[in-house]
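Count residues from 1 along the sequence.
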Amino acid sequence: MYKPRSTRDIYVKSLSVNSENLKKQLGDKSVPAGEIKGIMGAVSKMYNEHLEKIVEECDRDMMALERVPSPLKLFVDCLAQVHKSLGLSPPAHALLRQYVSAWEDWM
């Protein structure tokens with residue numbers, strides 16, 4: 001019997017996939033490992049803080065899924081915040097800006 005995944009599982013899996021892709025892309029741009037770790041740590045922390053609020057809201061009302069950001073949108077929003085708040089190397093700055101710009105163009 002099929003059992004749908006929980007909201008938390010969906011968001012956590014998305015964070016994992018998107019983080020792995022971003023780490024690889026940052027590494028391909030020769031961003032130092034320490035900087036990659038800092039970026040990923042900041043993104044993960046923000047994402048998980050927002051995720052807790054999303055899960056609480058969805059536990060109260062399943063229709064909340066229509067109002068909360070998608071897992072990808074949440075990831076990109078966290079990247080945008082990190083992009084603004086951390087002093088990034090030029091390659092990391094450029095890659096995060098591309099992510100944010102691509103999302104803005106897509107929307």
Side chains of [X] and [Y], heavy atoms from C-beta outward: is any pair under 4.5 Å?
| X | Y | value |
| --- | --- | --- |
| Asp59 | Thr7 | no |
| Val31 | Leu95 | no |
| Phe75 | Asn21 | no |
| Asp9 | Val12 | no |
| Pro71 | Leu51 | no |
| Asp77 | His50 | no |
| Leu22 | Ile36 | no |
| Glu52 | Arg8 | yes |

Could you check whether any side-chain N or O of [X] sits under 3.5 Å from a backbone N or O of [Y], counting only pairs where one atom can act as donor and the other as acceptor?
| X | Y | value |
| --- | --- | --- |
| Glu35 | Ala92 | no |
| Tyr11 | Tyr47 | no |
| Ser85 | Gln81 | yes |

Please report the interatomic distance [atom1]([X]) to [atom2]([Y]), rounded to the nearest 0.5 Å.
| X | Y | atom1 | atom2 | answer |
| --- | --- | --- | --- | --- |
| Cys58 | Glu66 | SG | CD | 10.0 Å |
| Asn18 | Met40 | CG | CE | 8.5 Å |
| Lys84 | Leu79 | NZ | CG | 12.0 Å |
| Ile39 | Lys23 | CD1 | NZ | 12.0 Å |

Problem - Salt bridge present between Lys24 and Glu20 (N-O < 4.0 angstrom) - result: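 A salt bridge is absent here (no side-chain N lies under 4.0 Å from a carboxylate O).
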Handout entry: Arg60 bridged to Glu57 by N-O distance under 4.0 Å
Key =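 No, Arg60 and Glu57 are not salt-bridged.
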Practice task
Kindly assign one of parallel, tilted or perpendicular to the pair His93 and His83, based on the angle between their ring planes and the thresholds 30° and 60°.
Solution key: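 His93 vs His83 ring planes: parallel.
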